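Heads up: the structure comes next, in structure tokens.
These figures come from a predicted structure and were not determined experimentally. Numbering of residues begins at 1 and proceeds along the displayed sequence.
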Amino acid sequence: MVRDWSRGDHASGRALWSRVAETGVLALAVPETYDGGLGPRPVELAVAFVELGRHAVPGPLVETVTAAVLLSGADPGTAKRLLPALASGGTMATVAPEGAFALDGDVASLRLALSPDGIRLSPGHGPVRPCLDPARRLTPLAPGGELLDAPTGQALTWARLATAAQALGVGLALLDRTVGYVRQRTQFGVPVGSFQAVKHRLADAKIALEFARPLVFGAALSLRPAEVAAAKAAACEAAYTTARTALQLHGAIGYTAEYGLSLWLTKARALRTAWGDPHACRALVVSAAGDRRW
């Protein structure tokens, strides 16, 4: 299904999207005051996004959650018109700053462009551009469109939280697959996983992921921007470290696009810079360090 999505064949991906929506995942970002809404519930959303990352589920998941948060602050008429379809999975949404590339703009039916004037309903999109992760299909958003009366509020915070949780799941999947592989691959008549150097690399990856996990869920509890930024930096760096370890320990087969490991390797790298790279997230943490409220 991930490979189909990468080729622009969205049928199987849409079917999975509907199943995810039926479990209530997307509704966790929609307030209960709107039809189908179950939220806002950031902790439950983080739990779900860890599993979405673990299974490399493609699609504008983070962006749909971000759109729900943005529209929750819109005027009641606009929110009532757009939010129920996001909660039910009937609408896929994508969000991007005006002039930047949006994720899956070709399949999303709701495209929000963040402009200096506010939030606009983009009327369309440009051609699909390649990405390091083939399942992340990037498109420019068409300028213009209806201007919504909606503040940006905590949208960036929610986007970073969902990305951090997704990255944590990606890292956990990479670690599990690598541990399984080094138990099977042998050199000198023994599994390579028995070598001390291999154990050290895996232990480092495991520690990084386990340190990131409480940061992600702690940030989900507080929703403080600096704590979410710290969680995003830690989870994405842990996933990226695990990806590099997985690639080294798999050897040459890890470099082949046909091998399933690539579905997580490329995603770990792409999520690292999505919605704020590690430098931007750390800068926010440092700037808030003197403020006890963070």
Side-chain angles (χ1 to χ4, degrees), residues 1-2 4-5 10-74 76-95 103-104 107-112 135-136 150 153-173 213-223 228 231-232 235 267 271 274-275:
M1 183 271 292
V2 179
D4 285 347
W5 190 277
H10 299 121
S12 59
R14 285 182 179 274
L16 180 58
W17 183 277
S18 297
R19 291 173 58 191
V20 170
E22 287 172 4
T23 68
V25 170
L26 302 176
L28 293 171
V30 177
E32 291 181 345
T33 51
Y34 298 99
D35 290 344
L38 298 175
R41 296 181 179 271
V43 176
E44 289 84 350
L45 187 85
V47 172
F49 267 75
V50 170
E51 297 310 313
L52 293 171
R54 193 193 297 269
H55 294 279
V57 177
L61 294 156
V62 172
E63 288 67 24
T64 296
V65 165
T66 306
V69 175
L70 286 169
L71 294 173
S72 296
T78 300
K80 188 175 181 179
R81 172 165 59 99
L82 298 175
L83 282 175
L86 290 179
S88 67
T91 295
M92 287 185 187
T94 191
V95 180
L103 180 65
D104 294 314
V107 68
S109 52
L110 178 65
R111 307 175 189 92
L112 301 182
R136 293 176 65 85
Q154 285 194 310
L156 177 59
T157 299
W158 279 73
R160 284 178 171 172
L161 175 65
T163 302
Q166 196 176 18
L168 178 59
V170 169
L172 292 171
R213 189 195 303 267
L215 288 179
V216 170
F217 291 112
L221 281 169
S222 74
L223 276 186
V228 172
K232 204 270 181 182
K267 194 169 294 294
L271 292 177
W275 294 102

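Each of Val65, Leu110, Leu26 was checked for a side-chain contact (heavy atoms from CB on, under 4.5 Å) with Leu86, and the lone residue meeting it is Leu110.
Taking the side chain as every heavy atom from C-beta outward, Arg213 and Leu172 approach each other to under 4.5 Å. Here the side chains of Met1 and Leu16 are in contact, with some heavy-atom distance below 4.5 Å. Using a 4.5 Å heavy-atom threshold, the side chains of Leu161 and Phe49 count as separate. In this structure, the side chains of Thr157 and Val228 come closer than 4.5 Å at one or more pairs of heavy atoms. Contact of the Val47 side chain with the Phe217 side chain is registered, since non-hydrogen atoms from C-beta on lie closer than 4.5 Å.
Judged purely by atom type and a 3.5 angstrom limit, Arg160 uses its side chain to pair as donor or acceptor with the backbone of Trp275. With Gln154 contributing its side chain and Leu223 its backbone, the two residues share a donor-acceptor pair below 3.5 Å. Between the Thr64 side chain and the Met92 main chain, no donor and acceptor come within less than 3.5 Å of each other. Proximity of a side-chain donor or acceptor of Lys232 to a complementary backbone N or O of Ala274 within less than 3.5 Å is detected.
One finds the CZ atom of Arg14 at 13.5 Å from the CG atom of Asp4 (value rounded to the nearest 0.5 Å). We find the CG-OG1 distance between Leu70 and Thr78 to be 12.5 Å, quoted to the nearest 0.5 Å. For the atom pair CZ of Arg136 and CG of Leu103, the computed distance is 5.0 Å after rounding to the nearest 0.5 Å. Rounded to the nearest 0.5 Å, atoms CD (Glu51) and OG1 (Thr23) are 11.5 Å apart.
The two residues Ala135 and Pro58 make their nearest non-hydrogen contact at CB-CB, 4.1 Å. Between Ala159 and Thr66, the shortest heavy-atom distance links the atoms CB-OG1, 3.3 Å. Nearest heavy atoms, Val216 versus Ala46: CG1-CB, 4.5 Å. The minimum heavy-atom distance between Val30 and Ala87, with the atom names listed, is CG2-CB, 3.9 Å. Pairing each heavy atom of Ala162 with each of Val62, the nearest pair is CB-CG2, 3.9 Å. Shown here for Tyr34 and Ser72, the closest heavy-atom pair between the two residues is OH-O, 4.5 Å.
By the neighbour-count criterion of 12 heavy atoms within 6.0 Å, atom CZ of Arg81 is densely surrounded, having more than that number from other residues, nucleotides or ligands.
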Check the pair Glu63 / Asp104 against side-chain contact (heavy atoms from CB on, under 4.5 Å), numbers first and verdict last. CA-CA 9 Å; Glu63 288 67 24; Asp104 294 314; over 6 Å; no
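Residues that satisfy the ring-ring contact (aromatic ring centres under 6.0 Å, His included) test with Trp5, not counting sequence neighbours, are His10.
Counting only residues at least two apart or on different chains, the salt bridge (Lys or Arg N to Asp or Glu O under 4.0 Å) pairs with a member in residues 22-40 are Glu32-Arg41.
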